[in-house]
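Just so we're on the same page: letters track the sequence lines, and every chain starts at 1. Reckoned from all heavy atoms, side chains included, excluding hydrogens, waters and symmetry mates.
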There are 2 protein chains.
Amino acid sequence: MSLQFVLLGMLREPASGYDLKQRFQNSVRHFWAAELAQIYPLLARMEKDGLLSSEKVPSTQGPTRKVYQRTRAGFEALSQWLLQGPEVRSERVSWLAQVFFLSHIDSTQRRQFFVELKADFKAHLGELERLEQGWQQDDPRYPDALPDETFFPQLTLRLGMMKYRTIIEWCDECLTRLEARD
Amino acid sequence: MSLQFVLLGMLREPASGYDLKQRFQNSVRHFWAAELAQIYPLLARMEKDGLLSSEKVPSTQGPTRKVYQRTRAGFEALSQWLLQGPEVRSERVSWLAQVFFLSHIDSTQRRQFFVELKADFKAHLGELERLEQGWQQDDPRYPDALPDETFFPQLTLRLGMMKYRTIIEWCDECLTRLEARD
DNA sequence: ACACGCATGTAATCGGTTACATGATTGA
DNA sequence: TCAATCATGTAACCGATTACATGCGTGT
């Protein structure tokens, strides 16, 4: 049910489903993704539940837009979610499961696996670093004097980079240890 | 579909659904979880697909056990999965989403959030550290002279600890930065 | 003429969780 | 007697993915 709260959080300013999907791309994408096919029905249900209100706004191109707003109840639900404390759920990381069983393939393939893994996460890290540079250039208050609404997003960005760097470091470590064993 | 491959990987030696669930608890639990209600039907389907074979073995207590074995095709499927390279999928981390929107609650509650988060991950780290100590005491070859079947699991354990330590470090950083802002 | 971006949605399916049903043996 | 462990499964539901359907406006 967290998508509901993510949508509520993103509706600081009114937006359509289409808008929200865009907002996902350049903010929470690294720890939360959602498709339009999931967003549209959920918005409808949230309106029915009184968490959102909507109004139709004609569009310059395409069908009329349905622009949603947070209601008072919506805001309450959001803060309740945050006040409940951190929601730490068990995650599923398939590439870690693959590492766990990597003894089933031969040693060149094993090394290759870590090389690819490292490349993947280097690419992810690069994306975040570019994002950071953008923010840095756009706002001289970056990072510690930022207003609350961007300071907390910045914290998540920072953890993302730290996490990716640990994984890259670990890949290197694995590669040297594998070579030492061969 | 990764659960399928995790099961194939765990079936290095024959096991029942119930056994497999136990094996989850003390090995892959930190990056993959599964309930019996998901395991039983999946095992049945995998047998139908020719990846597993089963035989009924009477039990000392409870109903007769259904013990599964990997077939040749099952082994092929597993190595194919590993040879395809790392499966890096987008993850959903709800507590990070909460941090992203944390500006919606007041500053004491915000700090409280990070305190709880840190405690949660310290507990997780503790579990892994205890697991490591056990392995260390059981096998003098730990960690670099271990046989392949336990060396790779050990790598995943190590990354788990590294990841949790970065998160804890980040929590501390967030707390000092928040105090500096207030 | 055709592809692309805007903008809305539905339907089928899949992976996972929660709750329920059954029944034997063992130990407090 | 009662709870726990062993051991199998089914059913209902929920969250997420993939595929499909529709149609306007703009630029090549």
Atom [atom1] of [X] and atom [atom2] of [N]: how far apart are they, to the nearest Å?
| X | N | atom1 | atom2 | value |
| --- | --- | --- | --- | --- |
| L36(B) | dG16(C) | CG | P | 14 Å |
| E35(B) | dA7(D) | CD | P | 18 Å |
| Y18(B) | dT22(C) | OH | P | 19 Å |
| Q61(A) | dC24(D) | CD | P | 13 Å |
| K21(B) | dG9(D) | NZ | C1' | 15 Å |
| R65(B) | dT25(C) | CZ | C1' | 15 Å |
| I39(A) | dG15(D) | CD1 | C1' | 13 Å |
| W32(B) | dG15(C) | CH2 | C1' | 9 Å |

Taking 4.0 Å as the cut-off, does a side-chain nitrogen or oxygen of [X] come that near to OP1 or OP2 on [N]?
| X | N | result |
| --- | --- | --- |
| R92(B) | dG15(C) | no |
| R89(A) | dG16(C) | no |
| T60(A) | dC24(D) | no |

Touch class at under 4.0 angstrom, heavy-atom based, for L42(B) against every strand present: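 Nothing, no nucleic acid heavy atom in range.
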Sugar-phosphate only, base, or nothing, as touched by A44(A) at under 4.0 Å among non-hydrogen atoms: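 The answer is nothing, as A44(A) stays clear of every strand by at least 4.0 Å.
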Of A33(A) and Y40(B), the one whose closest DNA chain D nucleotide lies more 5': Y40(B)
5'-most by nearest nucleotide on DNA chain D - S90(B) or S59(B): S59(B)
Does the side chain of [X] pick up a donor-acceptor pair with the side chain of [Y] at under 3.5 Å?
| X | Y | answer |
| --- | --- | --- |
| Y68(B) | E55(B) | no |
| S2(B) | E87(B) | yes |
| Q137(B) | Y142(B) | no |

Cation over ring face, R92(B) and F31(A), 6.0 Å, 45°: no
Selection from dA11(D), dT10(C), dT8(D) that lies nearest to any side-chain heavy atom of A37(B):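 Within the option list, the nearest is dA11(D).
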Selected nucleotide, minimal atom distance to Q38(A) side chain, candidates dG15(D), dT10(D), dT10(C):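 Taking heavy atoms from C-beta onward, the closest nucleotide is dG15(D).
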R165(B)/E129(B) ion pair, N-O < 4.0 Å: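 A salt bridge is present here (some side-chain N lies under 4.0 Å from a carboxylate O).
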